[in-house]
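Chain letters run A, B, ... following the sequence lines, proteins first and then strands; every chain starts at 1.
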There are 2 protein chains.
Amino acid sequence: MLSRSEEDHLKAVYSLLQEGADAFTNDVATRLHTKPSSVTVMLKKLADKGLLKHQPYRGVRLTAKGRGLALMLVRKHRLWETFLVDRLGFAWDEVHEVAEQLEHISSEKLVDRLSHYLGEPAFDPHGDPIPDRDGKLPERPTLQLTDCAVGDSVRLVAVKDPSDELLHLLGGKGIGIGARLKLVARHAFDGSFELHTAPKTTHTLSAQVAAHLLVERP
Amino acid sequence: MLSRSEEDHLKAVYSLLQEGADAFTNDVATRLHTKPSSVTVMLKKLADKGLLKHQPYRGVRLTAKGRGLALMLVRKHRLWETFLVDRLGFAWDEVHEVAEQLEHISSEKLVDRLSHYLGEPAFDPHGDPIPDRDGKLPERPTLQLTDCAVGDSVRLVAVKDPSDELLHLLGGKGIGIGARLKLVARHAFDGSFELHTAPKTTHTLSAQVAAHLLVERP
DNA sequence: TCCTTTATTTAGTCCTGTCTAATCTTTTTC
DNA sequence: GAAAAAGATTAGACAGGACTAAATAAAGGA
């Protein structure tokens with residue numbers, strides 16, 4: 001049984017890793033609005049419980065057990081968000097704070113019944129995937145960058161058939177998994193894209209490259 | 001803003017008083033599965049916040065503010081119980097523990113929307129009244145003792161048109177508000193009742209008296 | 001009434017989770 | 001490659017909430 005704070009830390013680690021970044025003490029502290037020293041202590045506790053491996057000064061990695069528990073928290077959070085929006089009529093931007101509280105309710109039966117009541121949804125109101133009771137995430141409805149329109153903001157979730165050459169090209173532009181891409185133009189001549197990876201950073205990608213990039217909204 | 005523990009103590013005091021008894025330190029401790037010394041400390045905290053008056057060695061009384069907050073907790077608890085039973089298909093005896101957790105979720109909007117979603121119910125699955133958002137309890141569907149059948153176990157909730165003489169008669173038999181009455185026989189000759197007020201204590205009440213007693217199940 | 005029992009409170013301890021301040025690593029910069 | 005900066009950890013303090021043990025108040029019985 002985890003305390004509320006332990007659950008918060010575990011989930012913060014999970015989502016940082018999910019976003020492609022490493023999970024460093026500072027990042028966790030920022031996310032939880034707390035201080036790095038407090039995070040260090042909690043990471044040690046979670047490591048002692050076998051939920052993650054903590055390499056001092058090097059960040060953390062989740063164990064299978066830790067990932068499983070984190071997925072159950074994500075499941076609860078997203079199911080409650082679905083309930084709040086679909087059934088109680090909350091707006092999608094009002095639900096996070098309340099769901100943060102609801103996700104700590106501990107009752108497996110409640111979670112499973114809620115999921116059933118909602119029709120076993122696979123995605124929450126934000127489009128995020130809801131893990132099933134075994135922790136399996138549904139396939140994301142990914143789309144190729146070439147299917148996006150100018151003005152879209154998307155996030156890179158996978159690279160299809162990643163060759164060394166392709167990955168090197170992307171790496172050189174600072175584009176990795178989790179990168180946020182905003183399409184600003186598309187050239188009719190060769191189908192190449194202009195996109196922002198950051199407010200002032202513009203890159204050009206050929207149509208061949210774009211066809212390998214799987215993205216999601218938002 | 002009250003802590004979870006403060007809320008638990010406040011609600012325990014409220015329900016003890018509701019049951020007609022005084023709220024003594026020991027009773028609160030028993031109800032919360034904690035020690036009297038811990039309760040004393042918490043009662044002091046709640047008294048400092050103006051939610052109750054604590055007379056050392058003499059028990060506590062709630063202030064209007066304290067009663068109001070307690071009623072909001074009761075409201076949340078009973079609304080969630082209704083949700084769990086009516087919507088998620090829980091059995092009535094499975095819901096208490098989960099509702100104990102859910103009642104601490106703090107979001108006025110959530111409570112009001114939940115109530116609306118459930119059709120503004122006035123009574124929970126156990127038949128207990130659900131306070132409205134202003135803390136007002138609905139009228140109980142009381143029934144006269146004369147409408148009860150042999151074998152019923154009921155609780156005295158009110159005395160209709162209480163005259164001094166009637167109250168004196170009841171007082172002499174040790175029957176007061178909150179008393180649990182089990183009907184063991186009814187005489188066809190004059191409509192009088194035989195009932196237990198305790199396992200081995202039998203009393204006889206005339207039909208005239210019984211008609212003044214308003215009771216509830218269970 | 002005095003003494004015993006029971007109920008309550010007080011004092012001091014411990015555990016959890018947070019913080020600040022100080023120390024120690026790692027990375028960056030010149 | 002050494003010094004500075006940034007990031008992480010450790011040590012020590014503190015608040016909340018629980019406990020045990022000891023002291024105190026109220027209630028009951030001889």
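Taking the six-membered ring wherever Trp is involved, the centroid distance between the rings of A:Phe83 and B:Phe83 falls below 6.0 Å.
Dashed line: the shortest gap from a side-chain N or O of A:Thr25 to OP1 or OP2 of D:dT9 is under 4.0 Å. The shortest distance between the side-chain N/O atoms of B:Asn26 and the OP1/OP2 oxygens of C:dT8 is below 4.0 Å. Contact check, A:Thr40 against D:dT10: no side-chain N or O comes under 4.0 Å of OP1 or OP2. Between A:Ser38 and the phosphate of C:dT18, there is no side-chain N or O to OP1/OP2 separation shorter than 4.0 Å. Side-chain nitrogen and oxygen atoms of B:Lys45 include at least one within less than 4.0 Å of the OP1 or OP2 phosphate oxygen of D:dG17. Between A:His33 and C:dT18 there is no side-chain N or O to OP1 or OP2 distance below 4.0 Å. Remark: B:His54 is not in phosphate contact with C:dT8, judged by side-chain N or O atoms under 4.0 Å from OP1 or OP2.
The side-chain tip of B:Arg113 points at the ring of A:Phe90 from less than 6.0 angstrom away and within 45° of straight on. With A:Phe24 as the aromatic partner, A:Arg58 does not meet the cation-pi criteria of under 6.0 angstrom to the ring centre and within 45 degrees of the ring axis.
A:Met1 has its CE atom 21 Å from the P atom of C:dC15, to the nearest Å. In this structure, the CG atom of B:Leu43 is 14 Å from the C1' atom of C:dT10, given to the nearest Å. Going from atom CZ of B:Arg58 over to atom P of C:dT9 covers 11 Å, rounded to whole Å. Between B:Arg4 atom CZ and C:dT16 atom P the separation is 18 Å, expressed in whole Å. Look at CG on B:Leu2: it is 14 Å from P on D:dG16, rounded to the nearest Å. Between the NZ atom of B:Lys35 and the C1' atom of D:dC19 there is a distance of 9 Å, rounded to whole Å. Between the NZ atom of B:Lys44 and the P atom of D:dA18 there is a distance of 16 Å, given to the nearest Å. What separates CD of A:Gln55 from P of C:dT26 is a distance of 11 Å, to the nearest Å.
Position along DNA chain C of the nearest nucleotide to A:Pro56 versus A:Glu6 favours A:Glu6 as the more 5'-ward residue.
Here C:dT8 is the nucleotide among C:dC19, C:dG17, C:dT8 with the atom lying nearest to any side-chain atom of B:Tyr57.
Using a cutoff of 4.0 Å between basic side-chain nitrogens and carboxylate oxygens, A:Asp152 and A:Arg217 are scored as salt-bridged. In summary, A:Lys44 and A:Asp48 engage in a salt bridge, as defined by a charged side-chain N under 4.0 Å from a carboxylate O.
In this structure, A:Pro36 reaches the bases: a heavy-atom distance under 4.0 Å links it to at least one base atom across the strands shown.
In terms of polar N and O atoms assigned as donor or acceptor, the side chain of A:Ser37 comes within less than 3.5 Å of the base of C:dT20 in a complementary pairing.
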